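In what follows, chains are A, B, ... by sequence order, proteins preceding strands, each numbered from 1. Since the model is a prediction, treat every value here as computed from it, not as a measurement.
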2 protein chains.
Amino acid sequence: MANNSGTRTAVPAVARASAILDLVALAQQPLGSNEIARSLSLPKSSTANICLELLETGMLVRRDGGYSLGRKLVELGGHYLSSVDALREYYDMCASLPIVSRESSRIAILDGTDVLYLGKYEGRQQIRLTANIGDRFPAICTATGKALLALLPPGEVEDRYRAKPGAFVKLTEKSLTSISALSKDLALTRERGYAVDDEEATPGVTCFGHAVAGFRGDTSAVAVSATVLTQRLTPEFRQALLNDLRTLARGLANPLASR
Amino acid sequence: MANNSGTRTAVPAVARASAILDLVALAQQPLGSNEIARSLSLPKSSTANICLELLETGMLVRRDGGYSLGRKLVELGGHYLSSVDALREYYDMCASLPIVSRESSRIAILDGTDVLYLGKYEGRQQIRLTANIGDRFPAICTATGKALLALLPPGEVEDRYRAKPGAFVKLTEKSLTSISALSKDLALTRERGYAVDDEEATPGVTCFGHAVAGFRGDTSAVAVSATVLTQRLTPEFRQALLNDLRTLARGLANPLASR
DNA sequence: GTATGGCGTCCAACGGGTTGGACAGGTGAT
DNA sequence: ATCACCTGTCCAACCCGTTGGACGCCATAC
């Protein structure tokens, strides 16, 4: 019964600041400090103080008489992205691959039962990817997510999803809704070497995902994906797309394996 | 003699946390908590505590026995970008404009004497833009920066640069190096309606910038730019590019003016 | 006009995080 | 082997941020 979230001496200000940022991030409008305090069940005074401090750091800004996220967060987020070695490589390769360069592609990492998008490449297709950089999405509904889940050691997937029953979000009729269905899909993913999202996130849209393992530290694995309209998926096109995707994934793996 | 950085009751933990994040962001390698404390002249113990707290929020992660920036920052940065109304419009328009869609383009805001890049669009050209989303750059060396500076009320530019003598970074032989040269350039910018970076940031590279005013709150104005190799700049090409850039800027302005 | 409820700011007493130093573990040099 | 120096962790006394409520302000309601 380990207290896994136990810090010896708590520093409430930091945890509170983070909670405030999360709240403001999800809000559609600027939030006042009183409103923030009420939402988070924090004392008014301290909340106001922390907000003022966040204002000075640039993480928050005043807007329409409330607080919104500040530009400092873009800077920090950008620095995080710069630290992900695979990203630059990803953008370069996307532009040079014959098929992928004309389609829509994404690169993501796994965080719990979500994928977190670190980058996207939009070719000249009709599809506009709705997910932006920094967005989260249920891993089971996406090709990148399933490719990354398939990398986890046996049992780990089951543990994560058993601990979080709400993780099975049914976005379409075809979305996976049980651990057993997921395990089966992941076994298939491991077998063929890539993941398929067969209209499980958006009707009419198919997505192929390929994981790239072997990174260091936080970003231990990334995954890349290509998104196309299902109706365009002739066998030849599917094969060409998968070829490009494999090339992309291998290209990302190689410069890092050599370190 | 107002104390412009004066908070009534200071919340050291937040300010310190921000300083820690900035330090870690600029470091090329993971930093230990002791090293951070030394660099920032903070007590070891408190620094360690704050780092542990930042670890729990996901803003920091452990990597190679030290701290690096965490993925939470991408999420927050992404939410900030989502709050900038012009961004989605920008990406859509870039892809549909005949000339710009084949060139390299950027969108940025002004922050003091720097521009902060919020997005970029890379066409099929040889040029790869070195600046990433979230990067800063001296405003005087860039087309976006000069376009935004030209929007400021009279005297404001002079005040900003007089207060910050180090802001005149000489990146190339052609970079502006004095307030008077800058004022003259900005007058010219206002007159013709767009800004030009004539190899002032990178030799051999010319950049045109167009400001878009009229936003609310934090992002009161954005600027878009197009970057090309100087040697390709025939008069016809230059004109076509400027046409596209103007269309782009107007497209960004209109959906917001109607609010 | 007053009443009500929203907002953020201010204040003094309380309480808890901060602090410096001691400690244990690991690494590299001599 | 010892020494030196690094790392991060632990602890109790002290100090300073936190806290709840009072206050002033501005809307809107009646």
Rounded off to whole Å, could you give me the [atom1]-to-[atom2] distance for the [X] and [N] pair?
{"X": "A:Gln29", "N": "C:dC7", "atom1": "CD", "atom2": "P", "result": "13 Å"}
{"X": "A:Tyr67", "N": "C:dC7", "atom1": "OH", "atom2": "P", "result": "13 Å"}
{"X": "A:Glu53", "N": "D:dC16", "atom1": "CD", "atom2": "P", "result": "16 Å"}
{"X": "B:Glu35", "N": "D:dG8", "atom1": "CD", "atom2": "P", "result": "9 Å"}
{"X": "A:Asp64", "N": "D:dA27", "atom1": "CG", "atom2": "P", "result": "15 Å"}
{"X": "A:Leu42", "N": "D:dG17", "atom1": "CG", "atom2": "C1'", "result": "15 Å"}

Nucleotide nearest [X] when distance is taken to its side chain, options [options]:
{"X": "A:Lys44", "options": "D:dG8, D:dG21, C:dC7", "answer": "D:dG21"}
{"X": "A:Ala13", "options": "C:dT18, D:dG8, D:dT18", "answer": "D:dT18"}
{"X": "A:Leu52", "options": "C:dT9, D:dT7, C:dC7", "answer": "C:dT9"}
{"X": "B:Asn49", "options": "D:dT9, C:dT18, C:dT9", "answer": "C:dT18"}
{"X": "B:Pro43", "options": "C:dG20, D:dT7, C:dT18", "answer": "C:dG20"}
{"X": "A:Asn34", "options": "C:dG17, C:dT9, C:dC7", "answer": "C:dC7"}
{"X": "A:Arg38", "options": "C:dT18, C:dG6, D:dT9", "answer": "C:dG6"}

(message) Strictly below 4.0 Å, N to O, side chains only: are A:Glu158 and A:Arg160 in salt-bridge contact?
(response)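 No salt bridge links A:Glu158 with A:Arg160.
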
(request) In plain terms, say whether B:Arg71 and B:Glu75 are close enough for a salt bridge, that is, a side-chain N and a carboxylate O under 4.0 Å apart. (result) no

(request) May I ask you to test the B:Leu171-B:Phe137 pair for a side-chain heavy-atom distance under 4.5 Å? (result)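 A side-chain contact exists here, since the closest heavy-atom pair is under 4.5 Å.
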
(message) Any non-hydrogen side-chain atom of A:Tyr161 less than 4.5 Å from a side-chain atom of A:Thr113?
(response)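 Yes - at least one pair of side-chain heavy atoms lies under 4.5 Å apart.
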
(message) For a quick check of understanding: with a heavy-atom distance under 4.0 Å over all strands, which category does B:Ser45 fall into, base, sugar-phosphate or nothing?
(response)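 Answer is base: heavy atoms of B:Ser45 come under 4.0 Å of a base.
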
